Amino acid sequence: MKTSALTSGGAKTIVARAPKRNDDRVILHFDYDCFYASVLENANPGLKGQPLGVKQKSILATCNYAARAHGVKKLMPIAEAHKICPGLVVLSGEDLTPFRDASKRLWSFLRSHSWSDRAERLGLDEVFLDVTDVIAYNQELLNRNALQDSFFQLSRHDPEKGFSFDATQFFGCIQPSVDPKDLTLLLDNPLCVRLLLASHLAGYLRLKLEEDFGYTSSGGISTNKTLAKLAGSVNKPQNQTTLLTLRDDYVQDFMDGHKLRQIPGIGSRIAQLIEDHVLSISTTPDSRDLEIGTKVTVREVRQYPSMSPDLLERILDRPGSERGSGEKVWNFLHGVDASEVKEASDVPTQISIEDTYMARPLNTPNELMRELRAIATSLVRRMRVDLAVADDPDHSSPASQQDGQPQLRWIAYPRTLRLSTFIRPKPNSTIPENLGRRSRSQPLPSFVLNLKDTSIEAVAERLASEALLPLFRRLHSERQGWNLALINVCVANMVMVARSSETGNGGGAGGARDIGRMFRTQEDKLREWTVYDPTPIAPVLDSTSSSACVTDTNDDVMDIEEVNKEKGVEAVEVVEELIETSDPVAISLDSDADAWEEEDEDESQRCHLCGHIIPIFAILAHERFHSVDD
DNA sequence: TTGGACGAG
DNA sequence: ATTTCTCGTCCAA
């Protein structure tokens, strides 16, 4: 990297130049206070104020502040917690459903306040928000002659929407602390004004989280994700901190005070390697302590002789390590982080279910199948919750659902199924490290995507016996006695599914449209991915049955006509997937199928394998299902 | 595409 | 009775 020669007292030292920070953005970070415990308290208000612990298996995943006052800690064994806090109430937190639901609601609310829709969840209890454009808008509106009586506009279109605030001071804490009388001077600095506005937005949002949803939180305000998150940790709980990035030494002093391991993005592995180097510890095979990366500060690493991105790269260089990680760490040490807050998405990139069995490892085929079934059931349920929506087409036949259950349709589906296991380290092995963690994957069998007349249990049973068990045998050839300590089943490699109907309301920028991306439907977002509306061909058939998605080799989605033009191929050759028709029985039981036959015989053709009428464009994909399904 | 390492809560 | 249950990214083969 770039270096510059400095002369100090005659001796020349080569010093790596500090990277340049970009303060163009405004980033908020929210961290809900002891989230799991708060969810359970809200579900059962009688618990409020009492010491509460949340249990997973044999340990406390977390606890509220009343419990912490008694010395209870996260990840503490239950028995120990009861000893030091006899009145401790312990509830199970093994089912994550209520935590996921609450997390999603809070995230949806926060998300509606980023006009660029950049709202990223980190775990269930943290959210990054990019509010750059909201802040810029309000900066222009600010009346310098009446700062005390300012109004923050949350909407471009509805001037009523917003809140009053005093723009002569920050909301919450600031870092570093500044003389109040200097503040008027600082207000001439546009960056300072933006951070001040952001502190009030964060304060308002935290207040709403508490009043409207019942969750207190900690907040961090700065110009990138790393700084916002670290700032938020300065004053917790129930408070917020704005890190003033007005001068480079403000930022550097702030970073320098942290231990290496505290920097998000520097994990135990990286911290260990750097620490060993800085402390000149020869790599003795047994020098690992429990606390890793907590001995050395950012300042000490930074000031280590001839420290530079290149040196860091060499320190971290090992097979499989990320290229450019030297520069990345170097940037972190200086509070530089260009990573963007990712655009909000309703579709997860993967869903996994796992269970651990350390008390009693699995060893017999019976135990194994029981667990595979249980995990498969949870997984199929999660898929239907997170990847499917109720199919209520505005213009379709209103009397379509007689039974209570709304018909579901996929908004995305996974292509890959993966099974991972962990073998418990044997009683005595010198380095009981990994190598116990292994996984195998395969294409997801298409029957899992059948939403019609198929109970979760039935699908899960098939999934366990026809897919997971074979995968398991690929991992472990032994018939039994595996000493299994963990099973993880994951679906990944998501494919967005095209929408079938309701492509309307293109232009109208109504006022209601604004605040809400809150009310932005999943369909709205998926429109970007939608390439083909099959309604004209199969107007009667349930929309899921005829959804298709076209993808070119660059994964860019295009209109089918354009694909034809560009590539000179027939439509049938670029139809990538057709879901839901995998089960011929389901089709034949569908009375609508008759309508299809009558109306579309011209453009359809009989499948020579199952004898059903399939629209011409879908024949290829349909035939693929016959091969996949067997 | 697959399997693993690593980092986050 | 140290190892919960996830989710995401990146790399090499």
Side-chain angles (χ1 to χ4, degrees), chain A residues 29-32 34-36 53-62 73-83 92-97 99-100 103 120-128 225-226 229 232-233 261-273 290 292-293 316-325 328-329 332 339 342 345 347-361 375 378-379 382 386 415-425 432-444 471 474-475 485-494:
Chain A
H29 178 260
F30 299 87
D31 185 336
Y32 317 132
C34 46
F35 182 57
Y36 282 18
V54 183
K55 160 182 83 105
Q56 278 172 342
K57 289 287 176 359
S58 62
I59 59 159
L60 287 186
T62 187
K73 296 269 178 49
K74 291 179 176 187
L75 304 183
M76 182 179 270
I78 304 265
E80 191 180 339
H82 269 126
K83 258 175 213 159
S92 168
E94 276 150 38
D95 179 5
L96 301 183
T97 308
F99 311 129
R100 262 196 299 266
S103 174
E120 183 180 347
R121 273 198 293 176
L122 188 53
L124 294 181
D125 68 337
E126 294 182 33
V127 173
F128 288 104
K225 292 209 291 181
T226 297
K229 177 166 166 131
S233 305
R261 189 52 222 281
Q262 296 182 273
I263 311 305
I266 299 184
S268 53
R269 220 72 188 217
I270 290 175
Q272 176 73 273
L273 290 169
L290 286 175
I292 279 164
L316 302 177
D317 183 34
R318 47 166 47 197
S321 68
E322 200 175 329
R323 86 190 137 82
S325 59
K328 207 155 100 184
V329 169
F332 281 147
S339 68
K342 283 192 282 296
S345 166
V347 177
T349 60
Q350 60 167 264
I351 298 173
S352 69
I353 305 289
E354 74 182 35
D355 207 346
T356 52
Y357 318 94
M358 8 215 190
R360 208 172 68 78
I375 289 172
S378 301
L379 185 67
R382 276 288 302 287
D386 290 351
R415 263 192 291 230
T416 306
L417 174 73
R418 173 183 308 217
L419 173 74
S420 310
T421 58
F422 183 81
I423 304 296
R424 193 158 45 157
E433 311 298 321
N434 27 34
L435 270 74
R437 271 179 185 293
R438 305 197 306 141
S439 72
R440 292 292 179 267
S441 55
Q442 63 160 62
L444 182 76
L471 280 173
R474 281 214 269 150
L475 279 165
L486 170 140
I487 297 178
N488 179 112
V489 179
C490 172
V491 288
N493 209 349
M494 301 297 180

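First the proteins, then the strands, lettered A, B, ... as listed; each starts at 1. All values derive from a computational prediction rather than experimental measurement.
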Please tell me which of the listed nucleotides, [options], lies nearest to the side chain of [X]?
{"X": "A:D355", "options": "C:dT6, C:dC5, B:dA8", "result": "C:dC5"}
{"X": "A:S441", "options": "C:dC5, B:dG4, B:dT2", "result": "B:dT2"}
{"X": "A:Q56", "options": "C:dC5, B:dG4, C:dT6", "result": "C:dC5"}
{"X": "A:S439", "options": "B:dG4, B:dA8, C:dC5", "result": "B:dG4"}
{"X": "A:R382", "options": "C:dC7, B:dG3, B:dT2", "result": "C:dC7"}
{"X": "A:T416", "options": "C:dC7, B:dG9, B:dT2", "result": "B:dT2"}
{"X": "A:K342", "options": "C:dT9, B:dC6, C:dC5", "result": "C:dT9"}
{"X": "A:R418", "options": "C:dC5, C:dC7, B:dG4", "result": "B:dG4"}
{"X": "A:I351", "options": "C:dC7, B:dA8, C:dC5", "result": "C:dC7"}
{"X": "A:T349", "options": "B:dG7, C:dG8, C:dT6", "result": "C:dG8"}

Side-chain donor or acceptor of A:R438 paired with backbone N/O of A:L475 under 3.5 Å: yes
Does A:R415 use its side chain to pair, donor to acceptor, with the backbone of A:L444 at less than 3.5 Å? no
Expressed in angstrom and rounded to an integer, what is the separation of [X] atom [atom1] from [N] atom [atom2]?
{"X": "A:R269", "N": "C:dT9", "atom1": "CZ", "atom2": "P", "answer": "21 Å"}
{"X": "A:K57", "N": "C:dT2", "atom1": "NZ", "atom2": "P", "answer": "15 Å"}
{"X": "A:R438", "N": "B:dA5", "atom1": "CZ", "atom2": "C1'", "answer": "16 Å"}
{"X": "A:R100", "N": "C:dC7", "atom1": "CZ", "atom2": "C1'", "answer": "11 Å"}
{"X": "A:Y32", "N": "B:dA8", "atom1": "OH", "atom2": "C1'", "answer": "16 Å"}
{"X": "A:R261", "N": "B:dG9", "atom1": "CZ", "atom2": "P", "answer": "8 Å"}
{"X": "A:F99", "N": "C:dC7", "atom1": "CZ", "atom2": "C1'", "answer": "17 Å"}
{"X": "A:R121", "N": "C:dT9", "atom1": "CZ", "atom2": "P", "answer": "14 Å"}

What contact category does [X] fall into here, base, sugar-phosphate, or nothing, at under 4.0 angstrom with non-hydrogen atoms?
{"X": "A:I270", "result": "sugar-phosphate"}
{"X": "A:L486", "result": "nothing"}
{"X": "A:Q350", "result": "base"}
{"X": "A:G265", "result": "sugar-phosphate"}
{"X": "A:I263", "result": "sugar-phosphate"}
{"X": "A:R440", "result": "sugar-phosphate"}
{"X": "A:L75", "result": "nothing"}
{"X": "A:T356", "result": "sugar-phosphate"}

Just wondering, do [Y] and [X] contact through their side chains at under 4.5 Å, heavy atoms?
{"X": "A:Q56", "Y": "A:Y36", "value": "yes"}
{"X": "A:V127", "Y": "A:E120", "value": "no"}
{"X": "A:R100", "Y": "A:L124", "value": "yes"}

Under 3.5 Å, is there a donor-acceptor pair linking the side chains of A:R437 and A:S420? no
Over 60° means perpendicular and under 30° means parallel, so classify the ring planes of A:H29 and A:F128, tilted if in between. tilted
Using a cut-off of strictly less than 4.0 Å, decide whether A:K229 has a side-chain nitrogen or oxygen near OP1 or OP2 of B:dA8. no
Please confirm whether the shortest side-chain N or O distance from A:K74 to OP1 or OP2 of B:dG9 is below 4.0 Å. no
Toward the 5' end of DNA chain C, which comes first, A:P348 or A:Y357, by nearest nucleotide? A:Y357
